[in-house]
Amino acid sequence: MRVIVTGATGFVGSNIAKVLTDRHGDDVVADRVDMTDRAAVAAHVRRAGADAVVHCAILNDWATMVADRRAAWSAYVDATRHYADAAAEVGIPMCLISTDWVFDGTQSGAAEDTPPNPINLYGFLKAASELVALERGASVARVMGVNGTHWARPATPRAQDPGFGYLVASLVDALEAGRPFTVWEGDDLNGIASPSLGSHCGEVVRAALVAGHGGGTHTDGAAIFHACGAEASTRRRLAEATVEVFGLDRELLRFGPAPREALAGLTIPYDTSVSAVATSERLGTPLLGLIELLQAFRRERETGEIGPPPP
Ligand SMILES: NC(=O)c1ccc[n+]([C@@H]2O[C@H](COP(=O)([O-])OP(=O)(O)OC[C@H]3O[C@@H](n4cnc5c(N)ncnc54)[C@H](OP(=O)(O)O)[C@@H]3O)[C@@H](O)[C@H]2O)c1
């Protein structure tokens, strides 16, 4: 299979690209085309001779998004429309990568067909992008609390953020080097989520493409997938499980509030845990427990290889 992956130099995109190439022998087209340029996207998709598109790229800069709402809309909603239209024009499936932050933080255990109710700009832009993708026959894979290896950069872009992303790798890096690490806790953060592993997300996305899913709507959930583990977790439980699985020094683990600047006026959904049962049943992808996900990440980290897919 030949797949266009946008944002393949990013954290999630690098995991999807690595799963496609190293595990499945797929051919990944990772050229950086400005996703806000409709004509450039259309020409690229026409020329690429691809069998599918995974649209992963985003403008990942909160300050710019708030300061320039038009640029934010263009980089999320317009860019999704450009890729979904281009994929539809050449008749290939597309999967949009989305997020658990389309939910409002009180929709604990949300299923694939639970109507989103975003409470901040990012969640709103992703929910609007989902709708644009679904109504053009594309599928949506929501990834969340993504941990794992950044295969395109030496390190993750942030040590920790108000979501769950990057937490495990940053914690392991610190504790292995003998440095203490403070895990943020508080009601103003994303306190509960369904953590995932980047490479596992890649498996779910590939399975959705192979199954040729598309054509659902926001309400029937037919083309929406949840790419995450089976268990909801607090930040504390994820940190403690990480210490256990990686055999780290528990004494170096601290808990405390997030620095004010990390929250920067953001309204953050508290409990964004979801269910991935329907996804697993429809695609045949495994539902991994928290410990299994962390063990898989440990293997990746130690071998520098993505390894075989989980059973
Ligand atoms: N990380 C998480 O924990 C998490 C959680 C939930 C959902 N997600 C979703 O996963 C996806 C990827 O997120 P990420 O965290 O992996 O982001 P990331 O590491 O910041 O990567 C963003 C990617 O988008 C590319 N990009 C930015 N502007 C572009 C433009 N105008 N045209 C083309 N490419 C552009 C970047 O390329 P350059 O580096 O060349 O600028 C980079 O490859 C997003 O859809 C996000 O909503 C992520």
Side-chain angles (χ1 to χ4, degrees), residues 4-18 28-38 40-41 44-45 53-62 64-65 68 71-80 82-83 86 94-103 116 118 120-130 132-133 138 140-170 190 193-202 204-205 225-229 235 238 268-269 272-274 293 297:
I4 294 171
V5 179
T6 72
T9 55
F11 176 51
V12 174
S14 73
N15 273 278
I16 294 171
K18 187 95 174 158
V28 166
V29 181
D31 311 4
R32 192 187 196 284
V33 175
D34 181 3
M35 61 187 169
T36 65
D37 182 336
R38 182 175 179 83
V41 168
H44 174 60
V45 174
V53 175
V54 178
H55 178 42
C56 199
I58 51 162
L59 171 64
N60 200 354
D61 176 348
W62 181 248
T64 303
M65 287 164 65
D68 189 345
W73 181 268
S74 176
Y76 283 72
V77 186
D78 289 342
T80 301
H82 298 161
Y83 272 102
M94 176 180 119
C95 182
L96 169 71
I97 305 304
S98 191
T99 174
D100 54 341
W101 282 29
V102 295
F103 298 116
N120 61 31
L121 176 62
Y122 170 66
F124 172 74
L125 292 170
K126 294 300 284 192
S129 301
E130 288 189 356
V132 161
V140 167
R142 294 186 184 128
V143 305
M144 53 204 84
V146 189
N147 285 288
T149 310
H150 197 318
W151 299 101
R153 303 255 188 272
T156 54
R158 294 182 288 279
Q160 188 172 187
D161 68 20
F164 272 55
Y166 317 124
L167 185 58
V168 173
S170 307
N190 190 187
S194 297
S196 66
L197 178 65
S199 55
H200 181 57
C201 297
V204 174
V205 169
F225 301 98
H226 284 173
C228 62
R235 301 171 80 87
L238 179 61
I268 297 163
T272 58
S273 61
V274 303
L293 287 169
F297 179 30

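Counting convention: from 1, in listed order, for ligands and their atoms alike. The first residue of the sequence shown is numbered 1, and numbering continues consecutively from there.
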Please list, chain by chain and in numerical order, all residues satisfying salt bridge (Lys or Arg N to Asp or Glu O under 4.0 Å) with Lys126, sequence neighbours excluded. none

Which distance, rounded to the nearest 0.5 Å, do you find between the CH2 of Trp62 and the CG of Asp161? 12.0 Å

Any idea which residues sit under 4.0 Å from ligand 1, heavy-atom distances? Gly7, Thr9, Gly10, Phe11, Val12, Arg32, Val33, Asp34, Met35, Cys56, Ala57, Ile58, Asn60, Ile97, Ser98, Thr99, Tyr122, Lys126, Val143, Val146, Arg153, Gly165, Tyr166

With Phe164 via ring-ring contact (aromatic ring centres under 6.0 Å, His included) - residues at least two apart: none

Within a strict 4.5 Å, meaning less than it, do heavy atoms of the Thr80 and Met94 side chains meet? yes

Quick one: SG on Cys201 to CZ on Arg142, what's the gap to the nearest 0.5 Å? 13.5 Å

How would you list, by chain and number, every residue that makes a ring-ring contact (aromatic ring centres under 6.0 Å, His included) with His200, sequence neighbours excluded? none

